[in-house]
Participant: 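Below are the structure tokens for one structure; questions will follow.
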Amino acid sequence: MRASQLYAPTLRETPAEAEVISHQLMLRAGFIRKAAGGMYTYLPLAWRVLRKIETIVREEMDAKGGQELAMPVIQPAEIWQESGRWDVYGDEMFRLKDRHNRNFCLGPTHEEMITTVVRSDVRSYRQLPLMLYQIQNKYRDEIRPRFGLMRGREFIMKDLYSFDRDEQGLDESYSKMYDAYTKIFTRCGLEFRPVEADSGAIGGSGSHEFMVLADSGEAAIVYCQKCNYAANVEKAEMHPIVAPDEEPLPLEERSTPGTKSIEAVCKLLKISADKTIKTLAYQTEKKLVLALVRGDHEVNEIKLQNELNCINLALANEIDVQNLTGAVPGFIGPIGVKDVIIVADATVMNMHNSVAGANKTDYHYINVNPGRDFKPAIVADIRMIKESDPCPHCGAPVNTARGIEAGQVFKLYTKYSKALKATFLDENGKEKLMVMGCYGVGVSRTMAAAIEQNNDEHGIIWPVAIAPYHAVIVPVNVKDIAQMELAEKIYTELNKSGVDAVLDDRPERAGVKFKDADLIGYPLKITLGPKALNENLIEVKVRKNGEIFFFAPENFVTEIKTLLKKL
RNA sequence: CGGGGCGUGGCUCAGCUUGGUAGAGCACCUGGCUUGGGACCAGGGGGUCGCAGGUUCGAAUCCUGCCGCUCCGACCA
């Protein structure tokens, strides 16, 4: 490709709308343009990157026995109604009607679609296991699309679905995909970490997220310093803390005016936060919920929601709280309230003579003893892990990091095969539900994640494997015939030998071309100027570390290929 | 859903307070000059000032409504 022909409109200034670096750089380097909130046109450079990522994904899927197919983007409402998700999915689903007023949606995911395909054609255990995948646009009407391609409303995703005879088969499919994903992100040249993830209402042992590590990541993860435990903070389990035994003292009300925060209560009563019980009121579609954690702990809403098995969970508003407890938030507690579900973190049940809100504005109870003074409906782990908390496996302190969720593997078990009646006959002629898994790679998000992780003040630094082109050839002066002849020769030879090269033949000054090269992020920049030309040496600069090599024209192709392999 | 900010040429923004018929830099086109890190000179094209109403002799500017973009928040007691 010649730069004079390449449609890569670069911008000198950063458009105001872009907040994160990947978004800014993709706009500036001429990779994407916005069509609407959360929807983008992929310009040629971006499309090349996406195709390279897709190729890697395809190869690894196929290597595990996956078969590619393509399903409709527009899906009929019926199958979603059948699975029960038409009503559950809510505003996040793009819905539309055809001329006959029939309901459809733009597919946010394809479990229903694939399951109805498979159920109509798979009858026997002999046809299983099956792994089917597609790479396609997905649509989710996000509340707040942001960060460019990181959280768009239209995005490219690879989704594979596995169908097995039993859970053992599912485990095998799952570990194949886990392995494939490890290979995919490694091949893409990304620093990543598979972490245990929340599997929501489906439960079971089964979900991992593949996190591309980046400070701008939306997800928080913890990993152990000693063992190999790593998890999304949403998932990371916590063992209850045992407090030393104390003689239970009689419950007592104390006036604690104006102490709406744990901090203020502690200061007033001269106690530490681990002697207090923090009570949070949540609104759900069922009843109001009081969640209890130790004062210095935080509630993990995902865990809480899983325990409650509810669809909606949000902190209750002040009015509801007052109507129920008679106190303003800050003074509510678990004692004496009616018509609520009390969920206590397991650590709370080990506390003695602690402090909790009295459900009376400006009053707290002291000497609260869980079990004696109140009995929660649910006792569970609902606590959010934090930096240097003990690892649930080995007890060593954990570290926290941020990541971009680029892939997720998930055991579905029979959730969809049951709802959509996907069955087969086993060896004994017995009808059984297929055991399913689903496995997604956010292709467009992976591109954005790669930039988040690989950039500097000059622009993008593409990992070689997914770079739109491997190298750019920059003749310093296009009017210099000798330079251009050499440039053309190098250009031809590189492309012939499988190195994707761009020839920057634009009649621009060298500085302009250098700036664009750095911005676009070609791994290698081959500069042809009088200096190198006179000495018969070809100058190659590595984008990543600024290293400069000089190669003789006779063997430069092999030198460049060797160099690319090392990067 | 709540609140803030913004909408003026392809991009970044000024002009708006105090109404008088639209500007700068970058980008683009032509010519010249230049050519190792976003040059320079001269000339030029391009904007119904987000949309719709209203006030006024006159509206980018004031008023009302709508749309779009963007950021923050949606209460850790």
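Each chain gets a letter, A, B and so on, in the order its sequence line appears, and its residues count up from 1.
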Participant: Provide, to the nearest angstrom, the distance between the CD1 atom belonging to A/Ile332 and the P atom belonging to B/C75.
Facilitator: 13 Å
Participant: In whole Å, what separates the P atom of B/G54 from that of B/U61?
Facilitator: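 My reading of the P atoms in B/G54 and B/U61 gives 14 Å.
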Participant: A/Ile302 has an atom CD1; how far is it from atom C1' of B/C76, in whole Å?
Facilitator: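 Rounding to the nearest Å, CD1 of A/Ile302 and C1' of B/C76 are 15 Å apart.
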Participant: Pairs in or reaching into residues 470-485 of chain A: which pass salt bridge (Lys or Arg N to Asp or Glu O under 4.0 Å), with residues at least two apart or in two chains?
Facilitator: none
Participant: Rounding to an integer number of Å, can you tell me how far A/Tyr7 OH sits from B/A27 C1'?
Facilitator: 13 Å
Participant: Please name the nucleotide paired to B/G9 by Watson-Crick or G-U wobble geometry with both distances under 3.5 Å, or report none.
Facilitator: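 Pair assignment: B/G9 / none.
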Participant: Is any side-chain heavy atom of A/Phe556 less than 4.5 Å from a side-chain heavy atom of A/Glu493?
Facilitator: yes
Participant: With sequence neighbours left out, what residues match A/Asp505 under side-chain hydrogen bond (donor to acceptor under 3.5 Å, both in side chains)?
Facilitator: A/Ser4
Participant: Which is true for A/Glu263 with a 4.0 Å heavy-atom rule: it touches a base, it touches only sugar-phosphate, or it touches nothing?
Facilitator: nothing
Participant: How far does the P atom of B/U55 sit from the matching atom of B/U64, given to the nearest Å?
Facilitator: 15 Å
Participant: Measure the distance from CD on A/Glu19 to C1' on B/C6 and round it to the nearest whole Å.
Facilitator: 15 Å
Participant: Mind checking side-chain hydrogen bond (donor to acceptor under 3.5 Å, both in side chains) for A/Asn534 and listing every partner two or more places apart, or none if nothing turns up?
Facilitator: none
Participant: Any pair with a residue in residues 345-371 of chain A that passes salt bridge (Lys or Arg N to Asp or Glu O under 4.0 Å), sequence neighbours left out, goes on the list, sorted by first then second residue, please.
Facilitator: A/Glu253-A/Lys360
Participant: Return a single string for nucleotides 35-42 of chain B, one symbol per nucleotide in 5' to 3' order, where B is base contact, S is sugar-phosphate-only contact and - is none, cutoff 4.0 angstrom on heavy atoms.
Facilitator: BBBBB---
Participant: Between A/His23 and A/Tyr40, does the ring centroid distance fall short of 6.0 Å?
Facilitator: yes
Participant: If we take the C1' atom in both B/A14 and B/G4, what is their distance in whole Å?
Facilitator: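 The same atom, C1', in both gives a distance of 23 Å.
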Participant: Looking only at side-chain N and O atoms, does A/Arg146 come under 4.0 Å of OP1 or OP2 in B/C69?
Facilitator: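 So the side-chain polar atoms of A/Arg146 never come under 4.0 Å of the phosphate oxygens OP1 or OP2 of B/C69.
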Participant: Can you list the residues that meet the ring-ring contact (aromatic ring centres under 6.0 Å, His included) rule with A/Tyr282, with sequence neighbours excluded?
Facilitator: none
Participant: A/Leu27 has an atom CG; how far is it from atom C1' of B/C11, in whole Å?
Facilitator: 11 Å
Participant: Both distances below 3.5 Å, Watson-Crick or wobble geometry, any strand: find the nucleotide opposite B/C16.
Facilitator: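 Paired with B/C16, as far as the under-3.5 Å criterion goes, is no nucleotide at all.
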Participant: Return the set of residues passing side-chain hydrogen bond (donor to acceptor under 3.5 Å, both in side chains) with A/Ser216 (not counting sequence neighbours), or none when no residue passes.
Facilitator: A/Glu452
Participant: List in chain and number order the residues that pass side-chain hydrogen bond (donor to acceptor under 3.5 Å, both in side chains) with A/Asp381, two or more places apart in sequence or in another chain; answer none if no residue qualifies.
Facilitator: A/Lys303
Participant: Just say parallel, tilted or perpendicular for the rings of A/Tyr522 and A/Tyr469, cut-offs at 30° and 60°.
Facilitator: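 Taking A/Tyr469 first and then A/Tyr522, their aromatic rings sit tilted (interplane angle of 30° to 60°).
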Participant: Could you run down the sub-3.5 Å N/O contacts of the protein with nucleotides 12-16 of chain B?
Facilitator:
| unit_1 | atom_1 | unit_2 | atom_2 | d |
| --- | --- | --- | --- | --- |
| B/U12 | OP1 | A/Ala16 | N | 2.8 |

Participant: If the C1' atom of B/G9 is compared with that of B/C28, how far apart are they to the nearest Å?
Facilitator: 11 Å
Participant: Strictly by Watson-Crick or wobble contacts shorter than 3.5 Å, is anything paired with B/U30, and which nucleotide is it?
Facilitator: B/A42
Participant: List in chain and number order the residues that pass salt bridge (charged side-chain N to carboxylate O under 4.0 Å, His left out) with A/Asp91, two or more places apart in sequence or in another chain; answer none if no residue qualifies.
Facilitator: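 A/Asp91 satisfies salt bridge (charged side-chain N to carboxylate O under 4.0 Å, His left out) with no residue once adjacent residues are dropped.
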Participant: Between P on B/C69 and CZ on A/Phe147, what's the gap in Å once rounded to a whole number?
Facilitator: 17 Å
Participant: Taking salt bridge (charged side-chain N to carboxylate O under 4.0 Å, His left out) as the test, write out the residues that go with A/Glu252, two or more places apart.
Facilitator: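 Here the qualifying residues are A/Arg254.
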Participant: For A/Glu142 and B/C1, what is the distance between atoms CD and C1' respectively, to the nearest whole Å?
Facilitator: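 From A/Glu142 CD to B/C1 C1': 16 Å.
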Participant: In whole Å, what is the span from the NE2 atom of A/His23 to the C1' atom of B/U70?
Facilitator: 11 Å
Participant: For RNA chain B, what residues of residues 34-43 of chain A have any heavy atom nearer than 4.0 Å?
Facilitator: A/Lys34, A/Gly37
Participant: B/U8 and B/G25: how far apart are their C1' atoms, nearest whole angstrom?
Facilitator: 15 Å
